[in-house]
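So you know, we letter chains A, B, ... as the sequences are listed, proteins then strands, and number each from 1.
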Amino acid sequence: MKNAEVAAMLEETADLMEIAGENPFKARAYRKAAETISALREPIEELVKKKQLHTIEGVGESIARDIAEFLQRGTTTRLEQLSKKYPTQLRTLLEIQGVGPRTVAMLYDKLKITTIDQLEEAAKSGKLTKLPGMGEQKVKNILEGIQLWRQHQGRIPLYIALEIAERIVNELKDLEEVEQILPAGSLRRWKETVGDLDILVATRKSQPIMEKFVNLPEVQKVLAHGPTKSSVMMDNNFQVDLRAVEPESFGSASQYFTGSKAHNIALRNLALKRGLTVNEYGVFREANGEKIAGETEESVYEAIGLIWIPPELREDRGEIEAAMNGSLPKLITIEDVRGETHSHTKWSDGFASVEEMAKAAMKMGYEYIAITDHSPPMGWGVKPEDFPKLIREIRMTSEKLSFPILAGIEVDIAPDGSLYMDEDILKQLDIVIASVHSAMKMDIDSMTRRILRAMENPLVHIIGHPTGRIINQRPPYEVRIDALIDKAQENGVALEINASPERLDLNDENAKAAKEAGIILSIGTDSHRPEHLAFIRFGVAIARRAWCEPQNILNTRSYSNLLDWLKHRRI
DNA sequence: GCCGTTTTCGGCCCGACTGTTTTCAGTCG
């Protein structure tokens, strides 16, 4: 599947077109096609073969030709011609805050600057100020932008962004001028990583709020400071924007700043078809400018003829059509979760006892918890001879607390697909999660075969963290998710949505594909401490982004219902 | 370059902030 490569080629073309100063709508057309293709589930090679490229929204004659050529020879004539005028490496310069395509073109035309190092040198030596439109302040901003670029790690994981957002909201919410405050943007959509924070306030007097915001102790640099919008860089190199609107516009503003960009564009286009314009201040009739909605998000969607769409769905993945014809899913909520399916104790690499974990589950209001400690060959895995003792402890604790505790295991899948635990022990356990923890660099066919074989074992209930990724640290191993989904359907195995905030695995897109195939997903926190049980909110967020309803999730079942499912698997 | 329950030509999401301008271009989200 070459969709990602094709999308990257189209992005590159769009960047170079903008640098070359071509019609901006042309560049936008390429960018739009790139977005659509990277979200496509079908391999684009198939569409080329079937001569169906034109069925992709935003792909016309020219882009179709580019795609076909790219798949054949790895580049396009258009790209070659563009890069004769402006070398491809110029694209890196666009990553500097405050440097856009017009500036990049000028830097190259006048000074032949192609790299960030050269840009830095030119800025320091005073060459830049001689260029038109370049003052001292702009040069200073570019130098700071370069410094930030060098430090910046890109998007940060959701759970860290959440902590920052909660801290800032706490510092601002008690100001008397603040009527409402809401972290919006990708954070509100619970996207797995967050590029920057958008915080929104409803107020009639924004100045004191903006003042306090730009002077927060953790602010490293003020990027912008106006009456309706301020932007700051925090000392961890994380950008936070604060926007202020009148209370009458809070609904449309929260809709607008929650995004995603693709969702908003689709929404606006729909509104335009109905003679309405939408902006952050409200919904207006095009004919006479009359405002017809804006105070609440519900009113905004209603004015456009839609029911309110939960933020997690706002990615332009079909939610607008679903809202139009009343087929939005009834998304799972955290209250629907009735138990924990994946947890560890001191028996392997956890930090608490069986009893402490069970008590934490009771405190969460759960009906049950599964203890699923590791197997060998993980150094800390429970040895086969120790399992009888572990099982006995689980049964006794369960009786003592009058709380259902499932005896389980997270067993390692060996490179050949066999399991690192004797079958007669697995048979004694209530629940078996099988996961890959080693030999992750296998090729895609071997890895797929490996996991499929584990799924064929009737003792296995759930495949744990099916792609092995650690967000921002380790990419997923190569595996055919589609094949796992097919096998899950065939054999009645569940795939996990691992809710550990560093994993979130399956991710939202894969989980959506699994949900659409009708397989069961299990949200497990992979808790190693009692407080980790709270990670469930991240797993539920992924499930919501995957359009899951309660019946798609294993641990929304009652205890007896869960036991039935676990036993059914073994008949 | 793409697209069409107003259009096969003429639009394409749109507003805020900054800096260098003296009326606006560039960048960003």
For this session: Answer yes or no: does a side-chain N or O of R274(A) lie under 4.0 Å from OP1 or OP2 of dT5(B)?
Result: no

Exercise. When you measure from the side chain of E297(A) to the backbone N and O of Q255(A), does any donor-acceptor pair fall under 3.5 Å?
Worked result: yes

For this session: With heavy atoms under 4.0 Å as the rule, sort P24(A) into base, sugar-phosphate or nothing.
Result: nothing

Problem set entry | Counterpart base for dT8(B), defined by Watson-Crick or G-U wobble contacts under 3.5 Å | none

Exercise. Reckon L270(A) touches a base, only the sugar-phosphate, or nothing at all at heavy-atom distances under 4.0 Å?
Worked result: nothing

For this session: Consider the side chain of Q137(A), meaning its heavy atoms from C-beta on, and name the nucleotide among dG19(B), dA16(B), dC14(B) that approaches it most closely.
Result: dG19(B)

Exercise. Is there a donor-acceptor pair under 3.5 Å between the side chain of E319(A) and the backbone N or O of D316(A)?
Worked result: yes

Exercise. If you check every side-chain atom of P101(A), which of dT27(B), dG1(B), dG15(B) has the closest atom?
Worked result: dT27(B)

Problem set entry | Nearest-Å distance for atom pair CD/P, residues E18(A) and dG1(B) | 15 Å

Problem set entry | Gap between atoms CE and P, on M134(A) and dT21(B) respectively (whole Å) | 11 Å

Exercise. Hey, does K26(A) reach any base, or is it just sugar-phosphate, or nothing, if we go heavy atoms under 4.0 Å?
Worked result: base

For this session: Report yes if some heavy atom in the side chain of E46(A) is under 4.5 Å from a heavy atom in the side chain of Q52(A); otherwise report no.
Result: no

For this session: Give me the ring orientation class for Y301(A) and H263(A): parallel if the planes are under 30° apart, tilted from 30 to 60°, perpendicular past 60°.
Result: tilted

Problem set entry | Heavy-atom side-chain contact between S231(A) and Q239(A) under 4.5 Å | yes

For this session: Using atom CD of E35(A) as one end and atom C1' of dG29(B) as the other, report the distance to the nearest whole Å.
Result: 13 Å

For this session: Determine the Euclidean distance between corresponding P atoms of dT6(B) and dC2(B); express it in Å to zero decimal places.
Result: 24 Å

Exercise. Considering only the P atoms, how many Å lie between dG4(B) and dC13(B), rounded to the nearest integer?
Worked result: 14 Å

Problem set entry | 5′-ward residue of the pair K138(A)/N279(A) relative to DNA chain B | N279(A)

For this session: Using a 4.0 Å heavy-atom cut-off across all strands, classify Y30(A) as base, sugar-phosphate, or nothing.
Result: sugar-phosphate

Exercise. Which residue lies toward the 5' end of DNA chain B, I265(A) or A29(A), if each is placed at its nearest nucleotide?
Worked result: A29(A)

Problem set entry | Spacing of the P atoms in dC14(B) and dT21(B) (rounded, Å) | 30 Å

Exercise. What is the glycosidic conformation of dT7(B): syn, defined as within 90° of 0, or anti?
Worked result: syn

For this session: Could you check how far CG of L148(A) sits from P of dT27(B), rounded to whole Å?
Result: 18 Å

Exercise. NA contact type, K261(A), heavy-atom cut-off 4.0 Å: base, sugar-phosphate, or nothing?
Worked result: base

For this session: Would you indicate which nucleotide in dG15(B), dC13(B), dG19(B) comes nearest to any side-chain atom of N141(A)?
Result: dG19(B)

Exercise. At under 4.0 Å, does any side-chain N or O of S230(A) touch on OP1 or OP2 of dC17(B)?
Worked result: no

For this session: Look at all strands and tell whether P227(A) reaches a base, only sugar-phosphate, or nothing, counting heavy atoms closer than 4.0 Å.
Result: sugar-phosphate

Exercise. With a non-hydrogen cut-off below 4.0 angstrom, is R102(A) in contact with a base, only sugar-phosphate, or nothing?
Worked result: sugar-phosphate

For this session: Give N23(A) one of three labels, base, sugar-phosphate or nothing, depending on what nucleic acid heavy atoms sit under 4.0 Å from its own.
Result: base

For this session: Starting at atom CG of L242(A), determine the distance to atom C1' of dG29(B), rounded to an integer number of angstrom.
Result: 15 Å

Seminar exercise, completed: Separation of dG1(B) atom P from K32(A) atom NZ, nearest Å, is 16 Å

Problem set entry | Main-chain N/O of D198(A) paired with D241(A) side-chain donor or acceptor, under 3.5 Å | no

For this session: Look at all strands and tell whether V278(A) reaches a base, only sugar-phosphate, or nothing, counting heavy atoms closer than 4.0 Å.
Result: nothing

For this session: Give a yes/no on whether any side-chain N or O of T277(A) is located under 4.0 angstrom from OP1 or OP2 of dC14(B).
Result: no

For this session: Kindly confirm or rule out a cation-pi arrangement of K26(A) over Y30(A), judged by NZ or CZ under 6.0 Å from the six-membered ring centre and within 45° of its axis?
Result: no

Problem set entry | Whole-Å distance separating the CD atom of Q239(A) from the P atom of dT27(B) | 16 Å

Problem set entry | Side chain of I63(A) - closest among dC13(B), dC2(B), dG15(B) | dC2(B)

For this session: Tell me what T103(A) touches on the nucleic acid: a base, only sugar-phosphate, or nothing, going by heavy atoms under 4.0 Å.
Result: sugar-phosphate

Exercise. How far does the P atom of dT20(B) sit from the matching atom of dA16(B), given to the nearest Å?
Worked result: 22 Å

Exercise. With sugar-phosphate meaning primed atoms plus P, OP1 and OP2, does E136(A) contact a base, only sugar-phosphate, or nothing at under 4.0 Å between heavy atoms?
Worked result: sugar-phosphate

For this session: Please examine the side chains of V300(A) and Y256(A), heavy atoms only from C-beta on, and report whether any two atoms are closer than 4.5 Å.
Result: no

Exercise. E61(A) CD to dC3(B) C1': how many Å, rounded?
Worked result: 14 Å

Problem set entry | Distance, C1' atom - from dG1(B) to dT5(B), rounded to whole angstrom | 24 Å

For this session: With heavy atoms under 4.0 Å as the rule, sort R78(A) into base, sugar-phosphate or nothing.
Result: sugar-phosphate

